[in-house]
K.L.:
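My questions will all concern the structure given below.
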Amino acid sequence: MNQIEEAKQFIQQKLNKQEPNIGLILGSGLGVLADYIEEPTTIPYEQIPHFPKSTVAGHEGQLVIGELEGQTVLAMQGRFHYYEGYPMEAVTFPVRVMHALGIEQLIVTNAAGGINENFEPGDLMIIQDHINMMGTNPLIGPNPDELGPRFPDMSQAYSKSLRNLAEETANELGQTIRKGVYVGNSGPTYETSSEVKMLRILGGDAVGMSTVPEVIVANHSGMKVLGISCISNMAAGILDQPLSHEEVIETTERVREDFIQIVRSILKKM
Ligand code: HPA
């Protein structure tokens with residue numbers, strides 16, 4: 001049995017015939033959303049065969065599976081980052097397992113630095129598209145055909161229908177919502193001011209250290225993706241102040257209510 005299948009079967013054994021249909025990856029400071037899941041089954045990552053372990057402060061490491069707004073969701077409370085030293089295959093392994101479990105729609109969330117000068121810390125941004133600046137790609141290597149095509153189309157990496165749904169939902173809730181392009185850097189350093197200028201010229205609106213690998217693998221698997229960034233700080237050089245992980249966590253805590261409200265309302269309509 002392969003690794004994906006083993007992890008899938010382990011998770012299925014823990015569920016009471018629940019069949020999750022939507023995956024949620026909760027970024028830095030955004031894991032609280034999983035606390036609202038009803039009748040939760042919680043599985044620490046270290047128990048799941050072939051799952052890597054999460055190491056960074058502010059990230060929990062467990063799956064929470066249960067009911068939220070009429071959907072059966074499987075949430076990752078904490079994700080694996082490339083900068084932690086995991087190979088790309090490990091970073092994206094949970095997405096493979098989600099797909100094997102029958103999940104066809106994925107909501108990815110993250111904290112990101114604002115590059116667009118019209119943005120403010122605390123804004124939520126619907127990811128329209130991404131730019132991969134990680135210097136690698138999780139699909140490099142042999143391509144098992146059962147996982148997806150050798151050369152996957154990425155022209156609608158973030159589903160247009162889900163983006164529209166998210167925007168409509170924000171409007172109905174009276175929430176300000178931004179839209180923009182997410183740039184994925186490897187980290188773990190934040191960017192230099194010059195790098196931020198470059199990313200702006202290249203068409204980026206926000207920058208972070210995650211999401212791109214998972215979204216590539218979700219597309220490879222044929223899943224529909226919605227991405228939401230919480231602009232936790234302005235990227236380096238935009239304001240005359242240094243960046244800190246504390247600021248990132250503080251801002252995500254401040255926008256927690258809006259974030260929870262919009263994701264729940266989107267789920268209800270999916
Ligand atoms: N840069 C990169 N990653 C980030 C940032 C940033 O400014 N803020 C939160 N994650």
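As the structure lists them, so they are numbered: ligands from 1, and atoms in each ligand from 1.
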K.L.:
For atom 5 (C) of ligand 1, grab the closest protein heavy atom and report residue, atom and distance to one decimal in Å.
P.N.:
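Protein heavy atom with the smallest distance to atom 5 (C) of ligand 1: G113 N, 3.4 Å.
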
K.L.:
Got the closest protein heavy atom to atom 10 (N) of ligand 1, with its distance?
P.N.:
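For this ligand atom, the closest protein heavy atom is A111 O, 3.4 Å.
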
K.L.:
Can you list the ligand 1 atoms lying under 4.0 Å from a non-hydrogen atom of S232?
P.N.:
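Listed by number with element, the hits are 8 (N), 9 (C).
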
K.L.:
By number and element, which atoms of ligand 1 are closer than 4.0 Å to a non-hydrogen atom of L243?
P.N.:
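This gives 7 (O) as the contact atoms.
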
K.L.:
Can a donor-acceptor pair be found between the side chains of N21 and T72 at a distance below 3.5 Å?
P.N.:
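Their side chains do not contain a donor-acceptor pair, so the 3.5 Å distance test is not met.
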
K.L.:
Any idea which part of A236 is under 4.0 Å from ligand 1, heavy-atom wise: side chain, backbone, both or neither?
P.N.:
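None of A236 does.
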
K.L.:
Other residues, nucleotides and ligands only: do more than 12 of their heavy atoms fall within 6.0 Å of CD on E89?
P.N.:
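No - once you tally the heavy atoms of other residues, nucleotides and ligands closer than 6.0 Å, there are 12 at most.
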
K.L.:
Tell me the protein heavy atom at minimum distance from atom 3 (N) of ligand 1, and give that distance in Å.
P.N.:
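The answer is G208 CA, 3.3 Å.
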
K.L.:
When only distance counts, is E191 in polar contact with ligand 1, meaning an N/O pair under 3.5 Å?
P.N.:
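Yes - when backbone and side-chain N and O of E191 are compared with those of ligand 1, one distance drops under 3.5 Å.
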
K.L.:
Is any side-chain heavy atom of V73 less than 4.5 Å from a side-chain heavy atom of I107?
P.N.:
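With C-beta onward as the side chain, the pair stays apart.
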
K.L.:
Whether the Q9 and E5 side chains hold a donor-acceptor pair (N or O, under 3.5 Å, no angle test) is what I'd like checked.
P.N.:
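Checked: Q9/E5 side chains pair up, N/O donor to acceptor below 3.5 Å.
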
K.L.:
Check the side chains of S194 and T192 for a donor-acceptor pair under 3.5 angstrom, ignoring hydrogens and angles.
P.N.:
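No, because no side-chain N or O of T192 sits under 3.5 Å from a partner of the opposite role on S194.
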
K.L.:
Hey, which of E19, Q18, R96, Q12 is the one that makes side chain to side chain contact (heavy atoms under 4.5 Å, CB included) with L101?
P.N.:
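The option that passes is Q12.
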
K.L.:
Please name the pair of heavy atoms, one in S232 and one in T251, separated by the smallest distance, quoted to 0.1 Å.
P.N.:
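Looks like O-OG1, 2.8 Å.
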
K.L.:
Check ligand 1 against V248 and write out every atom of the ligand that is under 4.0 Å from a heavy-atom position of the residue.
P.N.:
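Checking each atom against V248, I get 8 (N), 9 (C).
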
K.L.:
How does N233 reach ligand 1, by side chain, by backbone, by both or by neither, if only non-hydrogen atoms under 4.0 Å count?
P.N.:
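For N233, the contact with ligand 1 is made by the side chain alone.
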
K.L.:
Assign the ring pair Y45 / F80 to parallel, tilted or perpendicular, where the plane angle (0 to 90°) is split at 30° and 60°.
P.N.:
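Ring orientation of Y45 relative to F80: tilted.
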
K.L.:
Looking only at protein heavy atoms, identify the closest one to atom 4 (C) of ligand 1 and say how far it is in Å.
P.N.:
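Closest protein heavy atom to atom 4 (C) of ligand 1: V207 O, 3.6 Å.
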
K.L.:
So is N185 in contact with ligand 1, going by heavy-atom distances below 4.0 Å?
P.N.:
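No heavy atom of N185 comes that close to ligand 1.
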
